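All figures in this text were calculated on a predicted structure; none of them were measured in a lab.
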Amino acid sequence: MQIIQTGFKAKHDYTIRFETSLLWEAALGIAAVTNASLAGTLEHVEKMWDDPENGFSEELQLELQEIHQSNTWKTLLQLLHHSNAATLDEWTAEVFNMPEQTLREQSFPYIGSSFEKHRIKAAKGNESALATLQKVTADNPFFPDYIAFIANADISSLKKHLISVMTKWFKEVIRPQEGILQDMLERDVSNREQKLDVMDKLAFIRWVTNSTSYKPDDAINTILFIPHFHYRPWTISADLPGTKVFYYPIHANSIEPENRYNPDTMLVRKYKALGDATRLNLLKRLLEGEQTLQQLTEQLPVAKSTLHHHLKMLKSAGLIGSDKQAYYANKDSITSLDHDLQSFLEE
């Protein structure tokens, strides 16, 4: 993941917190399995929501289709950030009893303190405020449509959908491995907290996010880390008032703590992706500037389908990213290669 921030002050201090629960794991698992662009890149998800052989019940499949179409995975995450629930039953009760305006307001994404008044007004049905939110987020691939969906959704139906998809996901995905998941998540947080005790905060943030140049801006006073298993190996970021959120993949050592010789999968993916002349060729070209698949096809004597496969491997390793059909190099991820390898060898 490429993380770009500006305005870091050398003496700026911030609080680092961790949150972990099976509620977060469920919401992030739902988000992962319905993200079509991640197909084939997720470590612990073999088949996506629309694969008829994924093993999901027909009822869960229908709810996941709604998640995919309306991006209500974002609603789940937004509501969890405002929740005090520790269990699925507590969360279900919160959502069921939540006032309509509150649900809309909490579901809208936070896009900066200067637009908070628009978020509140939009939740009350103000069309001008809604249009402002959509205009400000126009560069985001799904925010404008998602904001419109939340503003116009039948709240009773939305609540039913959110409760249903979480309940079914817990039953079919979380419960069968509940103890194992809980242990892995808690073990990872414990390991990270021990590292934090002996590391500089900025260095720690860069280590967890796999970004050597991350710089929190002046508005940030808290970094919130939320570990996940099913979304591995991806790190996702989000914003809350005064807080930067990172949903980060738990380390391989948290999955198999007894095996200190087990390298993290992302490290393996990076070096595997680099072990091919065509992929190194592509990476060098993208370091010189972003390009579309068509532009790259015109430069290399490789079929477009083969080229797409190579790009997918580089992307799954976090070495490149894509935006509106153009590919670009993730310089932070490339720069951190030597550090990542050295860290594994010395642990």
Side-chain angles (χ1 to χ4, degrees), residues 1-21 24 28 77 81 110 112-113 184-229 231-257 259-271 274 287 317-321 329-347:
M1 180 187 67
Q2 190 175 34
I3 304 169
I4 303 174
Q5 294 289 339
T6 59
F8 175 72
K9 293 181 179 179
K11 295 184 179 180
H12 180 76
D13 196 14
Y14 30 82
T15 300
I16 293 179
R17 314 194 282 114
F18 288 86
E19 284 187 18
T20 180
S21 76
W24 283 117
L28 289 164
L77 295 179
H81 278 299
Y110 174 76
S113 58
M184 289 192 300
L185 296 170
E186 292 178 356
R187 183 160 49 239
D188 195 83
V189 170
S190 177
N191 291 340
R192 304 284 182 171
E193 289 176 336
Q194 290 178 36
K195 284 280 191 178
L196 180 57
D197 288 339
V198 297
M199 290 180 70
D200 170 79
K201 288 183 179 179
L202 181 56
F204 178 81
I205 294 168
R206 290 173 173 174
W207 172 62
V208 177
T209 61
N210 194 33
S211 171
T212 59
S213 62
Y214 172 72
K215 296 179 180 180
D217 62 35
D218 292 347
I220 300 297
N221 52 52
T222 299
I223 303 294
L224 174 60
F225 287 117
I226 298 174
H228 62 72
F229 173 75
Y231 216 120
R232 272 175 54 93
W234 300 101
T235 298
I236 314 99
S237 65
D239 296 292
L240 296 173
T243 300
K244 189 72 176 181
V245 183
F246 291 106
Y247 312 98
Y248 74 91
I250 60 174
H251 197 275
N253 290 345
S254 299
I255 300 173
E256 294 184 276
N259 186 1
R260 58 186 291 266
Y261 298 97
N262 184 26
D264 200 56
T265 304
M266 186 58 98
L267 178 63
V268 176
R269 286 191 180 203
K270 285 181 180 180
Y271 279 97
L274 293 174
L287 274 169
L319 296 171
I320 68 170
N330 276 338
K331 296 181 181 179
D332 290 341
S333 186
I334 297 169
T335 303
S336 68
L337 268 169
D338 288 345
H339 176 267
D340 294 342
L341 177 60
Q342 195 68 25
S343 295
F344 164 67
L345 294 176
E346 293 179 351
E347 282 184 350

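- Here the closest non-hydrogen pair linking Arg269 and Ala317 is O-CB, 3.5 Å.
- Here the closest heavy-atom approach between residue Tyr14 and residue Thr222 is recorded as CB-N, 4.3 Å.
- Counting heavy atoms from C-beta on, the side chains of Ile255 and Arg232 come closer than 4.5 Å.
- For Ser21, the side chain to side chain contact (heavy atoms under 4.5 Å, CB included) partners two or more places apart in sequence, or in a different chain, are Leu23, Trp24.
- Between Gly318 and Asn330, the shortest heavy-atom distance links the atoms O-ND2, 3.0 Å.
- The minimum heavy-atom distance between Pro249 and Pro233, with the atom names listed, is CG-O, 3.6 Å.
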Donor-acceptor contacts, no H, no angles, side chain residues 189-198, under 3.5 Å, sequence neighbours left out:
from: Asn191; atom 1: ND2; to: Arg187; atom 2: O; distance (Å): 3.3
from: Arg192; atom 1: NE; to: Asp188; atom 2: OD2; distance (Å): 3.1

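- Considering only heavy atoms from C-beta on, His228 stays 4.5 Å or farther from Ile250 through its side chain.
- Among residues two or more places apart in sequence or in another chain, the side-chain hydrogen bond (donor to acceptor under 3.5 Å, both in side chains) test is passed with Tyr247 by His81.
- By the ring pair (Phe, Tyr, Trp, His ring centres under 6.0 Å) test, Phe18 is found to be paired with Phe225, residues two or more places apart in sequence or in another chain being considered.
- Separating the CD atom in Gln342 from the CG atom in Leu337 is a distance of 12.5 Å, to the nearest 0.5 Å.
- Annotation: ring pair (Phe, Tyr, Trp, His ring centres under 6.0 Å) contacts of Phe229 (sequence neighbours excluded): His44.
- Under the rule for a side chain to side chain contact (heavy atoms under 4.5 Å, CB included), the partners of Asp338 that lie at least two apart in sequence or sit in another chain are Tyr271.
- At least one side-chain heavy atom of Leu274 sits under 4.5 Å from a side-chain heavy atom of Leu319.
- One distance of note links CH2 of Trp207 with CG of Asp200; it measures 13.5 Å at 0.5 Å rounding.
- The minimum heavy-atom distance linking Pro263 with Val268 is given by the pair CG-CG2, 3.7 Å.
- Looking at heavy atoms from C-beta onward, Ile223 lies out of side-chain contact with Phe204 at the 4.5 angstrom threshold.
- We find the CG-CD1 distance between Leu202 and Ile16 to be 9.0 Å, quoted to the nearest 0.5 Å.
- Rounding to the nearest 0.5 angstrom, the gap separating the CG atom in Asp239 from the NZ atom in Lys244 is 3.5 Å.
- For the atom pair CG of Leu224 and CZ of Phe246, the computed distance is 10.0 Å after rounding to the nearest 0.5 Å.
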